[in-house]
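What follows is a short report on a single structure.
Each ligand, and each atom within it, is numbered from 1 in the order the structure gives. Along the sequence shown, the residues carry numbers beginning at 1.
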Amino acid sequence: MSKRDYYDILGVAKGADADEIKKAYRKMAIKYHPDKNEGDKAAEDKFKEAAEAYEVLSNPEKRQRYDQFGHAANAHSANGGGYGGGGMNMDDIFSQFGDIFGGGSPFEGFFGGGGGRQSSGGRRVQRGSNLRIKVRLTLEEIANGAEKKIKVNKQIPCKTCDGTGAKDKASFQTCKTCGGQGAVRRVTNTILGQMQTTSTCPTCNGEGTTILSKCTVCHGDGVVRGEETITINIPAGVSEGMQLSMSGKGNSAPRGGVPGDLIILIEEIPHETLKRDGNNVIYDLHVNFVDATIGTSVEVPTIDGKVKIKIDPGTQGGKILRLKSKGVPEVNSYRRGDQLVHINIWTPKALSREERELLEKLQNSPNFKPNPGKNEKSFFERMKEYFE
Ligand SMILES: [Zn+2]
Ligand SMILES: [Zn+2]
C-alpha cells in the first residue's frame, strides 16, 4: 500500500510549526477516536494513519529525515516506533496522548488517560500501576514552563532476567492448561442448551506461558524496586492542583507488560510579593502620599524581573495600573495575562516633631481638602474595570 503524505494526512502545510501540527492531530484524534467510532474500520484506519503522521512530524529528527527522504527514510529502522512497517499499534497511539492532551485538558475524561487497554490477540498483558508524584513550582517556572529532572523511586524491569522473570530461556514453557492461548473455554450444559464461556487461564494468569525456574533476583516478577530519573516538561501556565500524566512512566509491569503512567500533581510555591489570580498577577504597591501627590517613578517586581513604572502627580489610592502581558500564559497558548499594580497610599503611622510641624502647616491648606471630582472613578467602577 502506498502511503499518503504525512502533511496531507494532518491537513497542514509543509512549513507548519509544532503547535499547528499538534492542533491538527488533536482534531483528527478526537474525530476518529475508536471510542466514538466503534466498529468503524475506516475511522480506525484514519485514526492510526493520523497517529503515525503525528509520531513523525512531531519529532524534529524524524520530521527532518522524512522531509529529506520521504517514507523510505525509516522503513527499515529496528525501532521506528511504527514509522515504516505495519503502522502503530493502539497502545503506542494511546501512549502519545499524555503529551497531546496533557493534564487538566477537557479531553482527559474522554480518553480515560489511555490506560488499562488490553492488547489485541487474547493474551493478557499485565499493566504496571500508576505512580503519583508532586512537583512544586515557583511562579517564574509556571510562567516560563519548566523542565524538571526528578528521581523517582519505582518498579523497574529486572536487569538480570531482562524483565522476563525467568532464570533463562529454557525456563519458559507454554502453559499446559491453555496451550498458550491465555484463556480457557468452558462448555456447560444448561436447560437452554450448551453455553460456552471464556475466561482467563488460572494457571498462567492469561500470559500464555509459565516459568519453570524463576529469576533469583526478582523472584519471577520481572520487576525490582529501583530509581529512574525522569525528565518532565511542564508547559507554561499550569496551576495548583492540575495533573499531568506521562504515559508509560509509572511502575513497570511484571514480565514485560505495559508500564503504568506517571501522574504529576502541580503545586505552586507562593511568591514573596506577587499574587497569582488566574492568568493575571497582582502586586500591591505602597507609595507615600507625598510621592502620590507630586509624582515619582518606582520599580516593581514582575515575573520577568523589575520594571520601572511612573506614578503620575495626583495619583489617588486604589488606582490600578495594568502592565500588559506581564502575567502568566494560558496553557497551550501564547496569550499571557497582565500584571495589575494596585496603588495603596501609605500614611505614616509615627512622626517626629519636625515632620509633624511640617504637616500641620499643610493641614488646612486649600489644596489638601479632599475634593473628589465627578470624574473620579468609584471603587466599584475600578473593580469592574479590573474584572473586564
Ligand atoms: Zn495458561
Ligand atoms: Zn529477574
Inset, instruction - Might you work through the salt bridge (charged side-chain N to carboxylate O under 4.0 Å, His left out) test for Arg127 and Asp261, ending with a clear yes or no? - result: CA-CA 10 Å; Arg127 192 172 186 279; Asp261 298 340; 3.5 Å; yes

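Note: Trp346 and His286 have perpendicular aromatic rings, judged against thresholds of 30 and 60 degrees for the angle between ring planes.
The Zn ion (ligand 2) has no N, O or S atom of His219 closer than 2.8 Å.
Note on Arg276 versus Glu240: no salt bridge recorded, every NZ/NE/NH1/NH2 to OD/OE distance being 4.0 Å or above. Checked for salt-bridge contact, Arg356 and Glu360 meet the test: a charged N lies under 4.0 Å from a carboxylate O.
The Zn ion (ligand 1) lies at the vertex of an angle of 110° between the SG atom of Cys201 and the SG atom of Cys175 (rounded to 10°). To the nearest 10 degrees, the angle centred on the Zn ion (ligand 2) between SG in Cys161 and SG in Cys218 reads 100°.
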